[in-house]
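This report refers to the structure that appears directly beneath it.
Every number for a ligand or one of its atoms is a count from 1 in the order of the listing.
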Amino acid sequence: MALASNLASAGVKPWDIVTAIVSHAHVPSSGGARWLHDNHKVTIAARRPDSRWVEEGDPVKTAAVEYGVPPKPVPVGLELSREGRLPGGCEAVEVLFTPGHTPGSVSIQIETREATVLAVSDALGRLRREWASSERDWIESLEKISSRDPDYLCTSVTCMDRKAARAFLEETREKGPFWDVEGRATYG
Ligand SMILES: [Zn+2]
């Protein structure tokens, strides 16, 4: 499983995790949540309506159909109902609402002693009608993300330093929102 091996390579023990924030419903981002919940009693956090789709295992809204895998429904123990610092003493983690790709997409900004990291997952990824994507929300989320100045910006594909992030955001702005009507693209 990708999540287990990624955690291992980062030196993170899954049983040490208290809360896992699911950025949005799609299986590449939410599929490991059930393993964390069932095997390591991790509280899953997500924002509506994506949280509901994850709980229900909605095959279309989780993009399980598209990726050709079964949905993995999992209880969401923490609804992210507002932006800001994560409740429960996780002062270093700030939740940002970045809808557009899906209506419940969230990004998180993490402050460590070494660096500030903004993780946006698929927030700037493609749009699909089946996911209830919104072009207007996507543009607003791009502006919100661009207003930050983290040391590193991470998408679901890669992490970039500040200079590369600025170039990436500029390029994303120039390209504009991308409606995917034909099927799977490489990003998102
Ligand atoms: Zn996605």
Have a look at H26 and say which of its N, O or S atoms is nearest the Zn ion (ligand 1).
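Looking only at N, O and S atoms of H26, the one nearest the Zn ion (ligand 1) is named ND1.
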Please name the atom of H101, restricted to N, O or S, that is closest to the Zn ion (ligand 1).
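It is NE2, the N, O or S atom of H101 closest to the Zn ion (ligand 1).
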Ring centroid separation for H101 and W138, is it under 6.0 angstrom?
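H101 vs W138: aromatic centres not under 6.0 Å.
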V117: hydrophobic cluster co-members (side-chain, 4.5 Å):
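Its cluster partners, ordered by chain and number, are Y152.
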Clusters formed by hydrophobic residues whose side-chain heavy atoms approach within less than 4.5 Å: which one holds F97, and what are its other members?
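Besides F97, the hydrophobic cluster comprises I21, L78, L80, L86, V93, V95, V106, I108, I110, listed by chain and residue number.
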Answer yes if the side chains of T116 and E111 hold a donor-acceptor pair under 3.5 Å, and no otherwise.
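No, E111 and T116 have no side-chain donor paired with an acceptor closer than 3.5 Å.
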H24 atom NE2 and D122 atom OD2 as seen from the Zn ion (ligand 1), angle to 10 degrees:
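Once rounded, the angle between the two atoms at the Zn ion (ligand 1) is 90°.
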